[in-house]
Number of protein chains: 2
Amino acid sequence: MKLSAKVEYGVRAMAILAFYYQSGPLPLREIAEQESISLKFLEQIFPNFRRSGLIISVRGSRGGYLLSRPPAEIKVGDIVRAVDGPITPVNCLSDNGSDPCCHRREGCLTRQVWEKLRDKINDVLDDVSLDELIDLKPTHIT
Amino acid sequence: MKLSAKVEYGVRAMAILAFYYQSGPLPLREIAEQESISLKFLEQIFPNFRRSGLIISVRGSRGGYLLSRPPAEIKVGDIVRAVDGPITPVNCLSDNGSDPCCHRREGCLTRQVWEKLRDKINDVLDDVSLDELIDLKPTHIT
DNA sequence: TGAATTCCGACCAAACAACTCGGGTATCCA
DNA sequence: TGGATACCCGAGTTGTTTGGTCGGAATTCA
């Protein structure tokens, strides 16, 4: 029951991107340095974000990445699914209908547990947005 | 974000055991046949249940396994943790304090997400007990 | 042009998953 | 007592995933 290191790094990287929102494109090298993550590893993660429409890439010199929408509108769940794909706690919840998990007597009863689990995981992750991960909001002001 | 096949098989096997609760020891071979699971693979899973105190083993001829307490008192979460160990969505939530995930600026903010996720997963799994997986309860009777 | 940057695909080693196999050892029934 | 039954244990195996690295091509700005 683990998320991948890619997801962990990806969330941290996106938090940085949220912190510098509206400051122009931020190159991966900067993120890599700030978070002590291998640049090459980040290069492998970010195309997923771009393909999912979470970020916009600017190529060439002085290029980099920026969020495609405000940090409040990007949820941790978006990031997780962009990197790891849809969340499926057990294989028989995948979309390929070839799994025989429901051909047994109590198959569909256990399936309900896994479905509930999957939904709750998505709920938790979709309840937190990027702006909550950075420290911008005036939480201490009355 | 996947549970292992061991957990999947383990829950199914425990459901069978719940179904035959109070019918004397049930040999692994029977469970293996009913669920089309390799006997040798089951033999590898069940010691975890015994060590966690979920089942009692009866050795010798006409031996087998039986639940150590009523199905209503065994949660799916117990089964999952017995097989896969404690649920830790990311490595920095493990008990070894050597992980540097909190030495960074926003480290502890993302950590809160993972902690919340871990707690919710446990909540869901601990909310379902074995008797809900089998079809004994008179749900259709007014 | 040249430096900075994204982008792309191949490659690689280590770990893990999902089993299998072979043999113990304890226990019971006849 | 002697099988037969069943649990117990650890090593081996095969394939996939993970967590990266490496080299280079395309693009853009100064």
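For the numbers below, each heavy atom of this structure counts, side chains included, while hydrogens, waters and symmetry mates do not. Sequence lines set the chain letters: A, B, ... in the order given, protein chains first and strands last, and positions in each chain run from 1. It should be emphasised that the depicted structure is a prediction, and the values quoted were computed from it without experimental measurement.
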- Item | Sole candidate of B:Y65, B:F41, B:Y9 that passes ring-ring contact (aromatic ring centres under 6.0 Å, His included) when paired with B:F46 |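 The option that passes is B:Y65.
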Rounded to the Å, how far apart are [X] [atom1] and [N] [atom2]?
X: A:L3; N: D:dG19; atom1: CG; atom2: C1'; result: 15 Å
X: A:N91; N: C:dA17; atom1: CG; atom2: P; result: 13 Å
X: A:I45; N: D:dG20; atom1: CD1; atom2: C1'; result: 10 Å
X: B:I37; N: C:dT20; atom1: CD1; atom2: C1'; result: 16 Å
X: B:F41; N: D:dA11; atom1: CZ; atom2: C1'; result: 16 Å
X: B:Y65; N: D:dA6; atom1: OH; atom2: C1'; result: 8 Å
X: B:L66; N: D:dA6; atom1: CG; atom2: P; result: 14 Å
X: B:R29; N: D:dT5; atom1: CZ; atom2: P; result: 8 Å

When you get a sec, tell me which of [options] is the closest nucleotide to the side chain of [X]?
X: B:E43; options: D:dC7, D:dG19, C:dT20; value: D:dC7
X: B:Y9; options: C:dC19, D:dC7, C:dC28; value: C:dC19
X: B:K40; options: C:dC29, C:dT20, D:dG20; value: C:dT20
X: B:S57; options: D:dT28, D:dC8, C:dT6; value: D:dC8
X: B:R59; options: C:dT25, D:dC9, C:dC19; value: C:dT25
X: A:Q44; options: C:dT6, D:dG19, C:dC29; value: D:dG19
X: A:R50; options: D:dC8, C:dC7, D:dA6; value: C:dC7

[X] [atom1] to [Y] [atom2] distance, which is reported to the nearest 0.5 Å:
X: B:K120; Y: A:D123; atom1: NZ; atom2: CG; result: 9.0 Å
X: A:I79; Y: A:E8; atom1: CD1; atom2: CD; result: 13.0 Å
X: A:I55; Y: A:I74; atom1: CD1; atom2: CD1; result: 9.0 Å
X: A:E30; Y: A:L39; atom1: CD; atom2: CG; result: 11.5 Å

- Task: Identify whether any heavy atom of A:F46 sits under 4.0 Å from a base atom; if not, whether one sits that close to sugar-phosphate; answer base, sugar-phosphate or nothing.
- Result: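 Answer is nothing: A:F46 stays at 4.0 Å or more from every strand.
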- Look at all strands and tell whether B:P47 reaches a base, only sugar-phosphate, or nothing, counting heavy atoms closer than 4.0 Å.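 Contact class for B:P47: none.
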- Let me know, please, whether A:G60 or B:V58 comes out on the 5' side of the other along DNA chain D by nearest nucleotide.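 Looking at DNA chain D, the more 5' nearest nucleotide goes with B:V58.
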